[in-house]
Amino acid sequence: MPFLRFIIAIFFLVSIFGVSNAHYKLSPTFYDCTCPNVIDIVRHVMEQIQRRDVRAGAKIIRLHFHDCFVNGCDGSILLDNASGIVSEKDANPNVGAGGFDIVDEIKTALENECPGIVSCADILALASEIGVVLAGGPSWQVPLGRRDSLTANRSGANSDIPSPTETLAVMIPQFTRKGMDLTDLVALSGAHTFGRARCRTFNQRLFNFSGSGRPDPTIDPNYLKTLQRLCPQGGNGGTFANLDKSTPDEFDNYYFTNLKNHQGLLQTDQELFSTSGSGTIAIVANYANNQHKFFDDFVRSMIKLGNIGPLTGTNGEIRKDCKRIN
C-alpha cells in the first residue's frame, strides 16, 4: 500500500506540473481539456478578418515563419520594444510586416474564453493553418503546446531570416541550420502563392541587377515590363505587387508554374528554378505539375517548421498580451 500511494503521488505531481521539458512533445490535443474550443475561436476570428482583408492568411504565415526561424517558434516576433527587450519587429526582414493586429484580435477572443491558457506562439501556428485553408489550401492537424518567450532577438532576425534578395547559395544553409532540407525550402516558398510584396523588395531586379546596369536576365521580358511600370525607377517603394501573378489570393500551385515561366516576383522565388544545376529545379517542376504533391509536402514542412525549438513544459510563459511579457 505505501508503494501504491507513492505511485499515485508521483502521478498526481506529474499531472499538475507536467512532464520533463526534455521529453515533452507538441500535440494537436494539447488544449482539449483546458480550452476545447480553441480551433473554433481562432477560425471564427480569421474568417471575420479574411472578409475585410484578403491578405490575412499570408500575413500570419509570414509571421509564423519569421518567428520560428529566430530562436524557434516562441512568439518572440510579437514583442514590442521594452526594458530589456529589443524588438524583432524592427529587424530588416520584418520592417513593414503586417498581421500583428490579427494576432491581438485572436488573443483577445481566446482570453475572453480561456484566460491565460493559449500561447501567442500557438496562435501563429494555428492561424497559419486556418489562413491556408480559407484560401483554398490543404488542412492539417496543428501540433500545439508551445509557450511564449521572455525575450526577443533582433540580431538573430537580421541574420537568420532569408532576405528577398538572397541567392540560393545563401538560403540553403539558412534552412539546413534549422534542420530543413531542399524539399522544405521549396515547399515553404510555395506560401508565396498568395499575398503581396512591396516594390522595394524586388526592384533591384528590374533595372540594375547586381550592378550590371541591366535587369535580372531570369525575368520573362513581358513580365519585366509589367513590373517596371508598377515600380518605376525612383518610384514609390511601398507599392504592392502580387506574389503570384496568376491567382494572387488563392492557395494553389500556380506559384510554381510562374517560376517555370520565369515570372517569379522575388529573387528568392526565381532562384529556385533558375539556379543552374540546383536540386530545387526538379522539385519546382514536380509541384507545377502536381498540386496534390505540393500540398502534401507543404503540410509536412509546415509541421516541421512549427517544431523548430519550441518552449514547452515550464519554460517561458503564456502571455496575456502578445506584445509584452507578463
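Annotation: the span from Lys245 atom NZ to Thr226 atom OG1 amounts to 7.5 Å, rounded to 0.5 Å. Atoms CG and CD1, from Leu265 and Ile219 in turn, are 8.5 Å apart once rounded to the nearest 0.5 Å.
A salt bridge is absent between Asp74 and Arg146: the closest approach of a Lys/Arg side-chain nitrogen to an acidic carboxylate oxygen does not fall below 4.0 angstrom. Between Asp321 and Arg324 there is a salt bridge, since a side-chain N of the basic residue sits under 4.0 Å from a carboxylate O of the acidic one. Salt bridge annotation for Lys293-Asp297: present, with a cationic side-chain nitrogen under 4.0 angstrom from a carboxylate oxygen.
With 3.5 Å as the limit, one finds no donor-acceptor pair spanning the side chains of Thr167 and Glu271. Judged by distance alone, the side chains of Asp296 and His292 do bring a donor and an acceptor atom under 3.5 Å apart. Ser87 and Asn81 share no donor-acceptor pair across their side chains, judged by distance under 3.5 Å alone. With no hydrogens or angles considered, no side-chain donor-acceptor pair links Thr165 and Arg205 at under 3.5 Å. Between Thr247 and Asp249, the side chains place no donor N or O within less than 3.5 Å of an acceptor N or O (distance only, hydrogens not considered). A side-chain donor from one of Ser278 and Thr280 sits under 3.5 Å from a side-chain acceptor of the other. Under the 3.5 Å distance criterion, with hydrogens and angles disregarded, no donor-acceptor pair is assigned to the side chains of Asp244 and His192.
Between the side chain of Asn71 and the main chain of Asn153, no donor-acceptor pair closer than 3.5 Å is present. In this structure, Asn258 contributes its side chain and Gln263 its backbone to no donor-acceptor pair below 3.5 Å. Checked by atom type and distance alone, the side chain of Gln291 pairs as donor or acceptor with a backbone atom of Asn253 at under 3.5 Å. Within the 3.5 Å criterion, the main-chain N or O of Gly313 finds a donor-acceptor partner in the side chain of Arg147. In this structure a side-chain-to-backbone donor-acceptor pair under 3.5 Å is missing from Arg196 to Thr239. The backbone N or O of Phe69 lies less than 3.5 Å from a partner atom in the side chain of Lys178, making a donor-acceptor pair. Checked by atom type and distance alone, the side chain of Asn326 pairs as donor or acceptor with a backbone atom of Lys320 at under 3.5 Å. A donor-acceptor contact shorter than 3.5 Å links the side chain of Asp148 to the backbone of Cys120. Under a 3.5 Å cut-off, the side chain of Asn286 and the backbone N or O of Ala282 do not form any donor-acceptor pair. Under the 3.5 Å distance criterion, the side-chain polar atoms of Lys107 are left unmatched by any main-chain donor or acceptor of Ile102.
Listed here is the closest heavy atom pair of Ser301 and Asp184: OG-OD1, 2.7 Å. Closest approach of Asn94 and Arg62 over heavy atoms only: CA-NH2, 4.5 Å. The two residues Leu266 and Ala197 make their nearest non-hydrogen contact at CD2-CB, 4.0 Å.
A cation-pi geometry, defined here as NZ or CZ lying under 6.0 Å from the six-membered ring centre and within 45° of its normal, holds between Arg55 and Phe240.
Between Phe294 and Tyr287, the ring planes lie tilted relative to each other; the angle falls in the 30° to 60° range. Under the 30°/60° scheme for interplanar angles, the aromatic rings of Phe251 and Phe295 are found to be tilted.
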Lys59 vs Asp53, salt bridge (charged side-chain N to carboxylate O under 4.0 Å, His left out): CA-CA, chis, key distance, verdict: CA-CA 10 Å; Lys59 289 177 179 179; Asp53 182 5; 2.7 Å; yes
